[in-house]
Amino acid sequence: MSNFIQDIIDSDLKESKVTKIHTRFPPEPNGYLHIGHAKAICIDFGMALQNGGVCNLRFDDTNPSKEDVEYVDSIQEDVKWLGFDWEDRLFYASDYFDKFYNFAMKLIREGKAYVDDLSAEQIREYRGTLTQPGKDSPYRNRSVDENLDLFEKMKNGEFEDGAKVLRAKIDMASPNLNMRDPVMYRILRAPHHRTGAKWCIYPMYDYAHPLEDAIEEITHSLCSLEFEDHRPLYDWFIENIGFDIPPHQYEFARLNLTYTLMSKRKLLELVEKGYVNGWNDPRMPTLSGLRRRGYTPSSIREFCDRIGVAKTYSVVDIALLEYCIREELNVTAPRVMAVLEPLKVVIENYPEGQVEYLDVENNPEDLSAGTRSVPFSREIYIEKSDFMEDAPKKFFRLKPDGEVRLKNAYFIKCEKIIKNQDGEVIELRCSYDPASRGGNSPDGRKVKGTIQWVSIQHAVNAEVRLYDHLFKVENPDDVPEGGDYKDNLNENSVDVLKECKLEPSLKEAKVGDNFQFMRMGYFCLDSIDSKPEHLVFNRTVGLKDSWAKIAGK
RNA sequence: UGCGGAUUUGUGUAAUGGUAGCACGAAUGACUCUGGAUCAUUUUGUGAGGGUUCAAAUCCUUCAUCCGCAGCCA
């Protein structure tokens, strides 16, 4: 992987600024990881791996009011699943709270931090605006002793939440708002999932993050673009506290995907308000959702490689993600026959009661995958959409008096159509050519179409869920005045088919197996809802469908 | 009117003064027991102006446009 960060690493190594690359992935445990995090993980771990370094997993748990162990657990599971290993380097910002506290005292002693009594609203007023400088807080020039005393009392819980904060004394007139005496600590009487009730003051991100990096001797602290403005502050804390090996922050553009929302806040809302069935709903862009959908870790890593790393704001076409999973599954997924919307076919000249077992290759892309036996009989199901009564010229499947090949079985010809009272085709009567066993006729005649089939008496019933994009527009946030991203939700993002008929081998399917339902797409067993007596399959992604394009014209 | 970034084909990303390339998408054709896959071909691009240079996406300069920043969130 080559990109501007690798260039920086190359030059740092060459100039001996660092000897070993050390990065970190620092999620806040306040939500599930999504495909955007996968990009960050691939960069953080990938850059280290690629340069003989290491990468830490570190929970940035400085705000207990939003965090939860549920997320701590899921994040570890997802990072592991994606294929990365932090070995013994699992850390928590909360493990450093004592150190942070002592560093803060040091800054106070040096006159570089002070306790402020201004309210949150007053602080905002005093901060000034984008174009106007702020003004000093009246509490800015308290004595060191008073600050020390007050800060200790803050720690000891002697003040109400929000009554005071500790601020860095930098420059209220700085053109960079982040440098206008940023808050370092706030009083927050919330139980922490790791430190319990020990603390009632918690450090802010801007203060904690550079220290976390420095303590862990991170060399390259990689984050997203919105922290560019914070870098001077990051450097200020590093410099004023003083570290032998100062870490440096570099920023890259976060991932955006068409038809996809990446905001944790909005994903949480979709979960909480029931627009989706949990964080691992197969329509969610979460890693747990993608996993349940049938995406493999390697396909996601491949995707992250392909999108690159840059500082340009960008929106990646979700077709690239789909390409990556198809590309992999095409080579690895066994082919099976499944009929999603069944149409009964009776082969009238086929002996009643006869069953033949036909050899079918498991994967034409991988001959070593071998073959399996699939039962064939007089009555079969084919896909409804594989028959058309008034077929256009370019329709190569079954039509009245037309001949089609049943995959690895026989040529059949449509002789008769049976309809119900509504005029709906409910059954086809066909004849077969016994000489075409296996799928080829000795007379060499060609048939244009080949379709999949399932023997009725051997068929396995299943529910199949066909997923589509969760949003119906490329940019879900693009809403008219007064609108909401939820207005863009795709009401047809899942199509549940309950009468699907599968070839018998699918009874043995296990969670984690990927299959290609021939001509339909890639599918996997649903890890939550599928039961031996009620199989449920999820469509990971459809096959490219050039017929749909022709038909659409 | 402040500060920090960004701008290369439909999308993403290379080229670091020397042939604007790659991938996805799209289109066309070939092939095929998956209308899948595969193969071949094609299409469109350096935001604008000025300057330096034998030579500029790249250096200088002016401008334009877009993104982010005024949490006691991260």
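Just so we're on the same page: letters track the sequence lines, and every chain starts at 1.
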Practice task
Looking at every strand, decide which applies to A:H230 at a 4.0 Å heavy-atom threshold: base, sugar-phosphate, or nothing.
Solution key: base
Exercise for the section: Could you please name the partner base of B:rU32, counting Watson-Crick and G-U wobble pairs only when both distances are under 3.5 Å? Expected result: none
Practice task
Step through it carefully: locate the ring centre of A:F537, locate the ring centre of A:F517, and say whether they are under 6.0 Å apart.
Solution key: yes
Practice task
For the residue pair A:F471 and A:Y485, categorise the inter-ring angle as parallel (less than 30°), tilted (30 to 60°) or perpendicular (more than 60°).
Solution key: tilted
Handout entry: Nearest to side-chain heavy atoms of A:I307, which nucleotide of B:rC24, B:rA74, B:rG12
Key = B:rG12
Exercise for the section: For B:rA40 and B:rC22, measure between their P atoms and round to the nearest Å. Expected result: 13 Å
Practice task
Give one of base, sugar-phosphate or nothing for A:V165, where a contact means two heavy atoms less than 4.0 Å apart.
Solution key: base
Practice task
Remember a base hit wins even if backbone is also touched, and classify A:L188 as base, sugar-phosphate or nothing at under 4.0 Å, heavy atoms.
Solution key: nothing
Exercise for the section: Would you kindly give the CE-to-P distance between A:M204 and B:rC73, to the nearest whole Å? Expected result: 5 Å
Problem - Rounded distance in Å between the P positions of B:rU52 and B:rA14 - result: 31 Å
Practice task
For B:rU65 versus B:rA30, give the span between their C1' atoms, rounded off to a whole number of Å.
Solution key: 45 Å
Fill in the blank from the handout: Per atom distances to the A:D317 side chain, the nearest of B:rG71, B:rA74, B:rU11 is B:rU11
Problem - Ring centre gap for A:Y185 and A:Y207 strictly below 6.0 Å - result: yes
Problem - Watson-Crick or G-U counterpart of B:rG21, or none if no pair lies under 3.5 Å - result: B:rU13
Handout entry: Any-strand Watson-Crick or G-U partner of B:rA64, both distances under 3.5 Å
Key = B:rU7
Practice task
Write down the partner of B:rU41 under the Watson-Crick or G-U wobble criteria, each distance required to be under 3.5 Å.
Solution key: B:rA27
Problem - Watson-Crick or G-U wobble partner of B:rA57, both distances under 3.5 Å - result: none
Handout entry: Sub-6.0 Å ring centroid separation between A:F515 and A:F523
Key = no
Handout entry: Proximal nucleotide (of B:rA74, B:rG35, B:rC72) relative to the A:N63 side chain
Key = B:rA74
Practice task
Rounded off to whole Å, could you give me the CD-to-P distance for the A:E474 and B:rC24 pair?
Solution key: 19 Å
Practice task
Would you mind pulling out the nucleotide paired to B:rA70, Watson-Crick or G-U wobble, both distances under 3.5 Å?
Solution key: none
